[in-house]
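One structure is given below, encoded as structure tokens.
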Amino acid sequence: MLSTKALTLRRLAPLIASATIDRGHIISRGNWRTRGPIVVGFLAAEYQGSALIVRSSATGEDTETSSAAGKYDSFAIPEQAAPDVLQAAIDQVFSSYGDDRDDSYVFVQRYIAAVSAAAVVTTRVAATGAPYYVLAVDEVSGTSDAITSGRGPAETWYLAHGRPETIGPPLVRQLMRTVEAVENATGSDQLDLELLLDTDRRTHLLQVRPLVLRQPPPPDADRAVRRAVDTCAYRLEAERRNGQPALLGLAPWFSNMADWNPAEMIGQRPRPLAMSLYREVITNRTWAIQRAQYGYRDLCGIELLHDFAGQPYIDVRASLLSFIPARLPFAAARRIVGIQLEQLAAEPHLHDRIEFDVATTATTFDLDERLDTLTAAAGLLQTHRAELRAALTAITAAGLGRVDRDARQVGLAALHRIACRNRFVNPLHRADYLLREIQTSIAVPFAHTARAAFLATALTRTAVTAGLASTTSVEQFMQSLSTVSAQLRADGAAVADGTLDWETFVQTYGHLRPGTYDPAVPRYGDAPELYLRPFVTSASPLAATALDLGQPSSPLFTADPQTVTSALTRIGLNLDATALTGFIRSAITARELGKFELSAWISDILTCLQTVGESLGHTPDDVAFWRLRDVRGLRAGSLSAAQLRDRVEVRRERYAVTQRLHLPATMADPLDVRCFATGHGQPTYVGTGSAAGLVKVAPQPDDDLDGIVVLTSADPGFEWLFSRRVRGIITLYGGANSHLAVRCAEAGVPAAMGVGQTIYDQLTRARSVHLNCASQTIDIVS
């Protein structure tokens, strides 16, 4: 019998004849033994003046159940090579098979030197078998192997099954016509192909093999995914046709990383309880209440977060409108947001840094330049420009003045939470009470401190561009701040020297969990030796050195105080350099304290629900499939344990679809859910340092972390990373204001936040990497 590869090539004969795919020759071992010189003479005449590739096609290579890619020899034969060179190459490939069977083959194909594009295509998602064509396309390197070697730039496209050759850019459509022809010829939709386009833009098939799936799809799984894709597309179409009056009729635009960053905080595929809890705590009302109280437009009653088949997306229209000062007229507001949405459509990679690079939400050192650009783009009247400037200055001044009050509210929330432990014995009653109190007690105060920290970050960044501070001075200032994280390290050192007892240390920090909203993830207090003991015993400078929290922080500004004060006066802020430095210090430390306290409230709620679940025979993993309406149903007695069990099973089935569903980072058009590119992100580099080391993908607390840690994202529960010898951190999701960016800046750890799916995927396959924040590069070493 032919090998799978040779059999596939025989089936492709009609395509070869039509020149859609370059001609190749299959040589059997039996034929080679009896007619070797004749075969070589024929090939030499057929390919005169061409370089050749001699490739393996062994019997057991690339079958339906296993792949032997790279196992056997292949050779490139240069132009004008003597026939004996070709004969030796064919002999060597046959020899590499290591047996004496006559049913193995060698394939000889023309070498294409002039490459305009190359692609590796799988007709399903390799990890899950989901019904998507996945095309990694390289139009940059000019080589055929940059993708397979992992050293070349690539843009990765996902196309949902169902006539994908009709959508996407011209190159993708051209590649998909060949893919469809190969599927028809082989009768399989489970293939792995390598394609290239020459400089005449002709498609060449270099290789096709069966795609060996790690996880074959269950029955009807494809239909369920296609139904979910259709549902998401219909929702986007409905949003386009039926614009909400409260959103001024603006066209829809959704992002998984805008505003409150759901993909970072709860993940791209959160389980139902995490999604439900995040909405309750943040995106139902808290976000709008905070902004209205700050002086922005009141959007209470508008949903910020939307659920697309179990995946969370921010309504960017609502987000941008919520940053327009309340006193600005509707017409001007609509023009401004319309222009901002147009910018995002042209530069969608900015969706995770909207507040820095798209929206103008505060008075900063570059405010006038930003307003000039916005006025010209939106066609604003000068009166509206003046109103916007005055309103932003008033909002910023008010934010500067309230940060200490908001920090005190965070402190009161801690006392309220602790008192609640003694007030309710029944865990269901306690969880219900905490859920009713969490918004006003801690969520809104935390949101205010988060907004103040954004003001602080924006002022700091623009101080650098204005020449008032340097990247180095900002870096040193951040590392000298006395935040919760600094206190954690100091307390660890205090336990080590005997001035703080271990039990108090665990009680203070035990609520943290690496997955703040996930009850299936253990708290630090559930495994204190694993998570917290390294802060006491680790040799890491970050863990072993207690900061002197009473010392003043490093200077922020490099310019003299009077120059900074004059610049502040010029932009309309009535404070001096010392006061601004104090605000920035207070805002960032208050935000970190608020984040810490909010995570404690959420942890207490999840701990109560775990206890309730245990009494009902539910594991923590089962509890992750609850929703808050279930908790209220249990509390009211309107939901039985049997009904809850049924709901959990139904949600598990839906979540299996969510796990196999791929959606883009941003969505505006129904076609976006059927065909999209992941591409490269524009990372936020933290600091100016560099680091090199082994790649540590999604490590656990008991792993060796002496290297470059690569994560999808990290919430406050990943504080344990900083008790180890981490050289650098790279994340798929995240931005300049994300939790991990702040922590890395404070700890002096080189980091790159939000690198995008393509770079992230390359890093997960790499062995070692070099991260250079000063030059803003990430180089795969091996």
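Rounded to the nearest 0.5 Å, atoms SG (C420) and CG (L415) are 13.0 Å apart. Of the inter-residue distances, the one linking T283 atom OG1 with I266 atom CD1 reads 7.5 Å to the nearest 0.5 angstrom. The NE2 atom of H618 lies 13.5 Å from the CD atom of Q610; values are rounded to the nearest 0.5 Å. To the nearest 0.5 Å, atom CD1 of residue I289 and atom CD of residue Q439 are 4.0 Å apart. Summarising the geometry, atom CZ belonging to F323 is positioned 10.5 Å from atom CD1 belonging to I395; distances are rounded to the nearest 0.5 Å. Between E649 atom CD and R652 atom CZ the span is 6.0 Å, to the nearest 0.5 Å.
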Determine, stepwise, if the pair D622 / R645 fulfils side chain to side chain contact (heavy atoms under 4.5 Å, CB included).
CA-CA 9 Å; D622 293 330; R645 172 61 65 184; 3.5 Å; yes

As a quick check of understanding, evaluate side chain to side chain contact (heavy atoms under 4.5 Å, CB included) for R627 and R647, giving each step before the final call.
CA-CA 10 Å; R627 288 186 178 143; R647 290 183 180 182; over 6 Å; no

Salt bridge (Lys or Arg N to Asp or Glu O under 4.0 Å) between R436 and D432, worked out:
CA-CA 6 Å; R436 284 187 278 115; D432 181 65; 3.2 Å; yes

Please test V225 against Y132 for side chain to side chain contact (heavy atoms under 4.5 Å, CB included), starting from the C-alpha separation and ending with a verdict.
CA-CA 10 Å; V225 171; Y132 291 85; 3.9 Å; yes

Where do S441 and W601 land on the side chain to side chain contact (heavy atoms under 4.5 Å, CB included) test, with the steps shown first?
CA-CA 10 Å; S441 292; W601 278 71; 3.7 Å; yes

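Between P514 and W720, the closest side-chain pair of non-hydrogen atoms falls below 4.5 Å. Proximity of R291 to L299: side-chain heavy atoms (C-beta onward) are nowhere separated by under 4.5 Å. Contact of the I442 side chain with the H416 side chain is not registered, since no non-hydrogen atoms from C-beta on lie closer than 4.5 Å. A heavy-atom distance below 4.5 Å is found between the side chains of H351 and N256. Side-chain atoms of R523 and D526, non-hydrogen and from C-beta on, do get closer than 4.5 Å to each other. In this structure, the side chains of L277 and L606 come closer than 4.5 Å at one or more pairs of heavy atoms. Considering only heavy atoms from C-beta on, L455 comes within 4.5 Å of F583 through its side chain. Using a 4.5 Å heavy-atom threshold, the side chains of W502 and L532 count as touching.
With R402 as reference, H448 is the one residue of H448, Q293, Q409 to meet the side-chain hydrogen bond (donor to acceptor under 3.5 Å, both in side chains) rule.
Under a 3.5 Å cut-off, the side chain of R226 and the backbone N or O of P131 do not form any donor-acceptor pair. Remark: side-chain polar atoms of T658 are paired, donor with acceptor, to backbone N or O of A309 under 3.5 angstrom. When atom types are taken as modelled, the side chain of S276 and the backbone of L628 share a donor-acceptor pair closer than 3.5 angstrom. In terms of modelled atom types and a separation under 3.5 Å, the side chain of T449 and the main chain of A407 share no donor-acceptor contact. Counting only distance, with no hydrogens or angles, the side chain of S599 and the backbone of L512 share no donor-acceptor pair below 3.5 Å. Looking only at distances, a side-chain donor or acceptor of T589 sits under 3.5 Å from a matching main-chain atom of S586. Remark: the backbone N or O of E264 is paired with a side-chain donor or acceptor of S713 at under 3.5 angstrom. At least one donor-acceptor pair under 3.5 Å links the side chain of Q643 to the backbone N or O of S640. Between the side chain of T666 and the main chain of F254, no donor-acceptor pair closer than 3.5 Å is present. Here the side chain of D501 pairs a donor or acceptor atom with the backbone of T504 at under 3.5 angstrom.
Scanning all heavy atoms of the two residues, the minimum distance from T731 to T712 falls at CB-O, 3.9 Å. When every heavy atom of A258 is checked against every heavy atom of I314, the shortest pair comes out as O-CG1, 3.3 Å. When all heavy atoms of P445 and T440 are compared, the closest pair comes out as CD-O, 3.6 Å. Contact between G525 and V506 at its shortest, heavy atoms only, is CA-CG1, 4.3 Å. The two residues Y760 and L711 have their closest heavy-atom pair at CE1-O, 3.6 Å. Of all non-hydrogen atoms in Y158 and V125, the two that sit nearest each other are CE2-CG2, 4.1 Å.
Side-chain contact annotation: Y313 with Q268, donor-acceptor N/O pair under 3.5 Å present. S485 and E719 are linked by a side-chain donor-acceptor pair at a separation below 3.5 angstrom, with hydrogens and angles left out of the test. Residues S603 and H511 bring no donor and acceptor atom of their side chains to less than 3.5 Å of each other.
F356 has its ring centre less than 6.0 Å from the ring centre of F454.
Taking the ring axis of W626 as reference, the NZ or CZ atom of R651 does not stay both within 45° of it and closer than 6.0 Å to the ring centre. A cation-pi geometry, defined here as NZ or CZ lying under 6.0 Å from the six-membered ring centre and within 45° of its normal, holds between R423 and Y433.
Contact check on R271 versus D621 returns a salt bridge, with a Lys/Arg side-chain nitrogen under 4.0 Å from an Asp/Glu carboxylate oxygen. Under a 4.0 Å N-O distance rule, the pair D230/R227 does not qualify as a salt bridge. Of the charged side-chain nitrogens involved, none lies within less than 4.0 Å of a carboxylate oxygen, so that D518 and R513 do not count as a salt-bridged pair. Taking the charged nitrogens against the carboxylate oxygens, R421 and D604 do have a contact shorter than 4.0 Å, which makes a salt bridge.
Under the side chain to side chain donor-acceptor pair (under 3.5 Å) criterion, the residue pairs touching residues 296-307 are R235-H306, with sequence neighbours excluded.
Residues passing the salt bridge (charged side-chain N to carboxylate O under 4.0 Å, His left out) test with E597 are R417, sequence neighbours excluded.
Atom CZ of R223 has 12 or fewer heavy atoms from other residues, nucleotides or ligands within 6.0 Å. Summarising the local packing, CD of E529 is surrounded by more than 12 heavy atoms from other residues, nucleotides or ligands at distances under 6.0 Å. Heavy-atom neighbours of R632 CZ from other residues, nucleotides or ligands within 6.0 Å: above the threshold of 12.
Y531 and Y524 have parallel rings, their planes meeting at less than 30° on a 0 to 90° scale where 60° marks the start of perpendicular.
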